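Written below as structure tokens is the structure these notes are about.
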Protein chains: 2
Amino acid sequence: MSDEERNAILGLPCEFIDVAANHDFIRLGENSRHACLVAEGLVGRFAQTAAGARQIFALHIPGDMADLHSLVAPEASTGLQALSRSTMLAVPHAALLPLLDLYPGIGRAFWRDSIVDTSILSTWVLNLGCRSGGARLAHLLCEMAVRYALIGRGRDLRFDLPATQLHLAECTGMTSVHLNRMMMELRGRGLVRTRTPKIEIIDWKGLTELAGFDAGYLCLPSSAAEQVRLALRVR
Amino acid sequence: MSDEERNAILGLPCEFIDVAANHDFIRLGENSRHACLVAEGLVGRFAQTAAGARQIFALHIPGDMADLHSLVAPEASTGLQALSRSTMLAVPHAALLPLLDLYPGIGRAFWRDSIVDTSILSTWVLNLGCRSGGARLAHLLCEMAVRYALIGRGRDLRFDLPATQLHLAECTGMTSVHLNRMMMELRGRGLVRTRTPKIEIIDWKGLTELAGFDAGYLCLPSSAAEQVRLALRVR
DNA sequence: CGCGCAGTTGAGACCTCTCAATGTGAGTGG
DNA sequence: CCACTCACATTGAGAGGTCTCAACTGCGCG
């Protein structure tokens with residue numbers, strides 16, 4: 001984006017919103033009039049079956065736009081839930097939409113952001129469809145380690161993931177009971193140490209191998225990839 | 001889109017490409033220089049694990065843009081495979097990109113198209129994470145019935161789905177053996193009649209209930225929803 | 001100090017995979 | 001027209017992964 005475009009974005013009106021843990025602040029089927037940027041906390045995008053089973057299909061950490069897509073498809077049938085106490089920055093669609101016509105670069109950047117989300121989502125599909133429970137959990141931990149490192153909140157493969165095991169189970173398509181057993185197995189194998197919400201990856205190589213993790217799907221520019229490597233202090 | 005924008009699109013240079021069944025015409029990790037519109041056949045977007053397990057996470061039928069996302073994120077790590085003999089219409093990125101700057105409406109329409117793909121993908125995640133094998137298959141059949149009806153290729157809940165059971169298994173995260181058993185169960189319950197590639201849904205209500213299917217995620221404008229109802233001759 | 005949520009544990013049922021064999025139909029060459 | 005071949009669908013049996021349900025533990029918070 002150009003400086004002009006960047007400034008247009010920074011000049012946008014917005015409003016801080018505080019959300020309690022486990023609160024669905026955008027309900028399923030609700031039409032949203034804002035785009036939400038996560039300022040603090042952890043937010044999950046989810047949907048659920050008629051039977052009540054809930055699936056989380058994206059985790060948003062500080063700095064993420066959680067529902068940019070609502071700009072062009074406000075009727076989307078997914079909800080947004082704070083997994084821990086979170087604060088959001090809500091930007092009205094009414095203020096954002098005109099920028100899209102004025103600055104093609106902004107639209108393209110937003111589109112690209114959606115594509116990255118989709119790439120992550122695709123990888124989650126690959127996980128759910130092709131990998132065992134333990135590998136799915138390991139993959140999620142690898143992903144979050146990299147993403148937290150990227151925003152400067154992970155050092156030495158240690159980071160806070162403010163989600164309960166039930167939340168993680170809803171991400172990885174498992175029962176919380178089974179997730180617990182898988183988590184214990186990762187610990188038992190000496191791959192991670194966890195004590196909610198703290199996660200510490202002890203054996204990065206082992207964990208990524210078990211998970212089949214390759215950070216490519218996060219669509220990092222090569223400069224960022226370098227940065228992650230440094231932040232993780234890996235290799 | 002305005003007429004002017006529509007005309008700009010129709011004036012784009014393009015090239016027909018014929019692809020044999022089971023041919024990966026965009027390999028994993030390959031950088032694409034074209035956007036592909038499916039003209040005929042069935043195309044799957046896929047990725048695979050290091051162990052070789054393949055997951056299809058989108059099916060594209062005639063009229064779909066199979067990899068619009070490559071325009072803004074050409075390095076995406078997914079492949080494109082023809083599931084049956086297909087013909088594609090390839091539009092060079094070089095010709096498409098300038099339009100994005102000239103016509104904001106085009107960019108927004110493309111973005112919206114990506115969002116719809118993402119919405120479908122989200123629903124596949126919900127399927128994989130929360131539903132049993134039989135329900136996943138039923139859901140896929142419901143989705144394809146609606147989508148084929150929308151492009152005028154489904155009448156009375158009958159349509160051709162030129163994919164093998166192995167392909168369907170790769171879509172739904174099952175073994176082909178298990179998919180076969182689930183397919184036989186759907187038949188046994190009197191929900192569908194199938195004989196590759198023909199699919200006939202006998203009991204729409206029963207199938208949608210088993211699947212927990214709700215067409216909302218396809219993001220149809222209300223006019224199209226009406227149209228589908230007519231095409232399916234349901235309700 | 002007690003309540004309640006989150007994590008942990010156990011046992012049995014069920015779903016899905018694995019591997020291997022068999023059936024079936026369309027196309028092909030003789 | 002028949003034998004052959006190949007891809008795909010179907011079947012069986014046993015192993016393993018995951019779920020269910022129910023109980024129990026540990027810890028933070030009021």
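As the structure is a prediction and not an experimental result, all values here were calculated from the model. Just so we're on the same page: letters track the sequence lines, and every chain starts at 1.
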Tell me whether the OP1 or OP2 atom of dG7(C) has a side-chain N or O from Ser176(A) closer than 4.0 Å.
no

Under the salt bridge (Lys or Arg N to Asp or Glu O under 4.0 Å) rule, what do Arg54(A) and Asp24(A) come out as? Steps first, then yes or no, please.
CA-CA 12 Å; Arg54(A) 179 174 288 214; Asp24(A) 299 356; 3.1 Å; yes

Grab the NE2-C1' distance between His178(A) and dG10(C) for me, whole Å please.
15 Å

Closer to the 5' end of DNA chain C via nearest nucleotide, is it Gly129(A) or Asn180(A)?
Asn180(A)

Check: Ile115(B) main-chain N/O paired with Ser119(B) side-chain donor or acceptor under 3.5 Å:
no

What is the distance, to the nearest angstrom, from the CZ atom on Arg195(B) to the C1' atom on dA26(C)?
10 Å

Contact boundaries on DNA chain D for chain A, cut-off under 4.0 Å to non-hydrogen atoms:
dT18(D) to dG28(D)

For atom CZ of Arg85(A), is the number of surrounding heavy atoms from other residues, nucleotides or ligands below 6.0 Å larger than 12?
no

Counting N and O atoms only, with roles assigned by atom type, does the side chain of Gln81(B) sit under 3.5 Å from a partner on the main chain of Phe25(B), one being a donor and the other an acceptor?
no

Have a look at Gly134(A) and say if it touches a base, only the backbone sugar-phosphate, or nothing, with a 4.0 Å heavy-atom cut-off.
nothing

Over all strands shown, is Met183(B) touching base, sugar-phosphate only, or nothing at heavy-atom distances under 4.0 angstrom?
nothing

Kindly compute the distance separating CG (Leu37(B)) from CZ (Phe16(B)), expressed to the nearest 0.5 Å.
8.5 Å

Would you work out how much the helix from dC1(C)-dG30(D) to dG30(C)-dC1(D) bends between its ends, with each end axis defined by five base pairs, to 10 degrees?
30°

Closer than 3.5 angstrom, by distance alone: can the side chain of Arg136(A) be matched with the main-chain N or O of Thr172(A) as a donor-acceptor pair?
yes

Does a side-chain N or O of Arg187(A) approach OP1 or OP2 of dT8(C) to a distance below 4.0 Å, or not?
yes

Write down the distance between CD (Glu185(A)) and P (dT9(C)), rounded to a whole number of angstrom.
13 Å

Would you say Arg187(B) has more than 12 foreign heavy atoms packed within less than 6.0 Å of its CZ?
yes

Report yes if the side chains of Leu128(A) and Trp124(B) come closer than 4.5 Å at any heavy-atom pair, otherwise no.
no

How long is the line joining CE of Met184(A) and C1' of dT8(C), in whole Å?
6 Å

Across the strands shown, which category fits Met174(A) at heavy-atom distances under 4.0 angstrom: base, sugar-phosphate, nothing?
sugar-phosphate

Rounded to the nearest Å, what distance is computed from the CZ atom of residue Arg181(B) to the P atom of nucleotide dT18(C)?
12 Å

Considering every strand and a 4.0 Å limit on heavy-atom distances, what is the contact class for Thr175(A): base, sugar-phosphate, or nothing?
base

Length of the CE-C1' vector between Met182(B) and dT16(C), whole Å:
8 Å

Send over the distance from Leu161(A) CG to dA6(C) P, rounded to a whole Å.
14 Å

To the nearest angstrom, how far is Leu179(B) atom CG from dT18(C) atom P?
14 Å

Do Asn22(B) and His167(B) have side-chain N/O donor and acceptor atoms under 3.5 Å apart?
yes

Contacts of Cys14(A) that satisfy side-chain contact (heavy atoms from CB on, under 4.5 Å) - sequence neighbours left out
Leu89(A), Val91(A)

